[in-house]
Number of protein chains: 2
Amino acid sequence: MKHAMIDDLLQKRGLKRTKLRIALLNHFLSAKHALSYLEIKGALGENVDKSTLYRNLTTFEEAGIIHRIDHSGVAKYAFGKGQNDGHHHAHFVCDQCETVYCVEKTGATTINVPKGFKTKVVQMIIRGTCSYC
Amino acid sequence: MKHAMIDDLLQKRGLKRTKLRIALLNHFLSAKHALSYLEIKGALGENVDKSTLYRNLTTFEEAGIIHRIDHSGVAKYAFGKGQNDGHHHAHFVCDQCETVYCVEKTGATTINVPKGFKTKVVQMIIRGTCSYC
DNA sequence: TTTCAAATGCAACTTAGTTGCATTTTCATT
DNA sequence: AATGAAAATGCAACTAAGTTGCATTTGAAA
């Protein structure tokens, strides 16, 4: 049950269960792709406050509930931790509709970095065309 | 000789040889990492016009002389074509100083994308610590 | 049911980048 | 060298994304 899961997500991190947060997490849970501020605002209603929404996105990101993806000057957010935390997935960016999807990362990669450089995480961005375009 | 190379770069694309463009390309040629608008402005002098600089960055990018890398809301530029054009390199982002370096990409990768999705280019971003941090 | 930190709402601000337009410059042609 | 047109510049005003300060409200622990 989705509602219980959302309560759990918030409670575990000591985050208060507000109307906006519940709506926001509900939306993230059913989203099929990463969402920009404008997409979220469009979905949750125009009366949602800009600062409150941005602050919650930051809060959720810091709490590891969602992760941010930079996409040509506009941040997009998707459910789940980022790749900084051991969870491995790649981002697919459609060059037609500019939609960003999280996809599973399979297959090994090796990159030689210059001497003195220490690799921590390897992110992948796949550019191409999505199934709707 | 650097000057001749710069003239060549501009001439081949029918771009006029202006003072700013020459200074800009000189700076890019000796840069060891990707540069933001502010870094470039700082290097070329405060009297450089914002629009002119931004317009030249766009022009150079479209001409395939430099390529843009998005980095948490700030665009950075580096010499060379992007990975959309067959040239393969990855970007190393230092999590201490936030500097972006272009590094050679070695080793094969395979990513399974969902049905109906078509992969064109695979970009890689390596996060870690650079040799100066 | 009180209490208080956390969250919200609003307005004002910042930062990155863009646009319109008049002036200047490059470069090819004479 | 002089000319002329297209390209590039400089300036000001604007937009879009995101942030900050502060007074008010709300959730949940006591």
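In what follows, every chain begins at residue 1, and chains take the letters A, B, ... in the order their sequences are listed.
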Open item on the list: Tell me every residue that passes salt bridge (Lys or Arg N to Asp or Glu O under 4.0 Å) with Arg55(B), counting only those two or more places apart in sequence or in another chain.
Closed with: none
Open item on the list: Taking Ala4(A)'s backbone N and O only, do any of them form a donor-acceptor pair with Asp8(A)'s side chain (distance below 3.5 Å, no angle check)?
Closed with: no
Open item on the list: For Glu98(A), is the CD atom crowded, meaning more than 12 foreign heavy atoms sit under 6.0 Å from it?
Closed with: yes
Open item on the list: Using side-chain heavy atoms (C-beta onward) and a distance below 4.5 Å, is Cys102(A) in contact with His67(A)?
Closed with: yes
Open item on the list: Does anything in residues 37-63 of chain A come within less than 4.0 Å of DNA chain C? Heavy atoms only, and list the residues if so.
Closed with: Asp49(A), Ser51(A), Thr52(A), Arg55(A), Asn56(A)
Task: Pairwise side-chain contact, Glu104(A) with Asn112(B), heavy-atom cut-off 4.5 Å (strictly under) - done: no
- [ ] Kindly give the heavy-atom pair with the smallest separation between Lys41(A) and Val48(A), and that separation in Å.
- [x] NZ-O, 3.4 Å
Task: Ile69(A) and its side chain to side chain contact (heavy atoms under 4.5 Å, CB included) partner, picked from Val100(A), Ile125(A), Leu35(A) - done: Val100(A)
Task: Interface with DNA chain C, restricted to residues 7-27 of chain B and to heavy atoms under 4.0 Å - done: Lys16(B), Arg17(B)
Open item on the list: Please report the distance, rounded to the nearest Å, between CG in Asp70(A) and P in dA17(D).
Closed with: 14 Å
Task: Tyr101(B) and Phe117(A) aromatic ring geometry - parallel, tilted or perpendicular at 30°/60° bounds - done: perpendicular
